[in-house]
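Both backbone and side-chain heavy atoms feed into the values below; hydrogens, waters and symmetry mates do not. The structure presented is a predicted model; accordingly, all values stated were derived computationally and were not measured.
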Amino acid sequence: MVRVTRLLACVALFAACAACGGSDGSKSAEPSSPKAAPDAKKVDTATAATITGKVMLDGTAPANPVIKMSSDPTCTSANSGEVHAESYVVDKGAVQNVFVYIKDGLGNKYLFDTPTDAVTLDQKGCHYIPHVLGIRVGQPLDIVNSDSTMHNVHGMPETNREFNFGQPVPGMKQAVAFTAPEVMIPFKCDVHAWMHAYIGVVNHPYFAVTGSGGTFELKSVPPGTYTVEAWHEKLGRQEQSVTLGDKDSKEITFTFKAPAVAQ
């Protein structure tokens, strides 16, 4: 009887959450990016260039706080030892989970096919995986619950439409999409306060998330002058200007200053 009552409560909560804010991120604001010009063309790969680089931290990163999962035994059992937040993932000064993308310079001169393959945002071990990701305007985002506990997915965009839905059963998957560029969109779980993720939505393929070594690569970029931006959830944003010639290759480094740690 207790199990039945809990299941009915979860189903009721799921229905209520699904109704809050809508469950379909495709019902977003109209695209704010410029429409392709009548003479827009695809990028000529024979002359395309590459931007590579890394993101570094000047100083010592603050310690990530300990996550207390005792409110949900399923989350506790899925993690061993002390679990910390993922705000600062820094190894030998190299910063991971930085979203890097071309912010300006492409204009409306080029045509880019929208990928039909879905990007996956998983909820596993009571964490969003990956913590930071990028996606194209109109590309499907599959949000999956791999845990045997209730999660509530709450996307909080400013340009696109907010959505909020529950996933009470393991294996549940819901697809959303965004109709306008937005860097970044924060996600949280309204059941587990420590769960956060960030998604960068752009209308071109020139974006990356730094991994091990803090490195990134933007390939097949047409020649031109661009503003490249690096975003980090705690360190903020930085921009650099890059000029590319035919078949060029440029390397840039973003260096963020570590925040002062309160004594």
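At distances below 3.5 Å, at least one donor-acceptor pair connects side-chain atoms of Glu182 with backbone N or O atoms of Glu158. The closest donor-acceptor contact from the side chain of Asn145 to the backbone of Gln167 lies under 3.5 Å. A donor-acceptor pair under 3.5 Å is formed between the side chain of Lys250 and the backbone N or O of Thr243. Side-chain N or O atoms of Asn64 include one that pairs as donor or acceptor with a backbone N or O of Tyr88 at under 3.5 Å. Asn79 places a side-chain N or O within donor-acceptor distance of the main-chain N or O of Gly125, the cut-off being under 3.5 Å. No donor-acceptor pair closer than 3.5 Å links the side chain of His127 to the backbone N or O of Ile129. Without hydrogens or angle criteria, His232 side chain to Lys234 main chain gives a donor-acceptor distance under 3.5 Å.
Residues Val209 and Val55 fall into different hydrophobic clusters, defined by Ile, Leu, Val, Met, Phe, Trp and Tyr side chains chained together at heavy-atom separations under 4.5 Å. Under a hydrophobic-cluster definition in which Ile, Leu, Val, Met, Phe, Trp and Tyr are linked whenever side-chain heavy atoms come within less than 4.5 Å, directly or via other members, Val201 and Leu218 are assigned to different clusters.
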| said: Set out, in order, the CA-CA distance, both residues' side-chain angles and the distance that settles ring pair (Phe, Tyr, Trp, His ring centres under 6.0 Å) for Phe163 and Phe187, then state yes or no. | reply: CA-CA 10 Å; Phe163 57 88; Phe187 277 60; 5.6 Å; yes
| field | Derivation of the side-chain contact (heavy atoms from CB on, under 4.5 Å) call for Val137 and Thr114 | value | CA-CA 7 Å; Val137 171; Thr114 301; over 6 Å; no
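Donor-acceptor pairing under 3.5 Å is recorded for the side chains of His154 and Asp190. Counted by atom type alone, Glu233 and His196 present zero donor-acceptor pairs between their side chains at under 3.5 Å. Checking Ser146 against Asp122 by side-chain atom types alone, a donor-acceptor pair falls below 3.5 Å.
In this structure, Val98 and Phe216 have side chains that are not in contact, with every pair of non-hydrogen atoms separated by 4.5 Å or more.
Note: Tyr198 and Trp231 have tilted aromatic rings, judged against thresholds of 30 and 60 degrees for the angle between ring planes.
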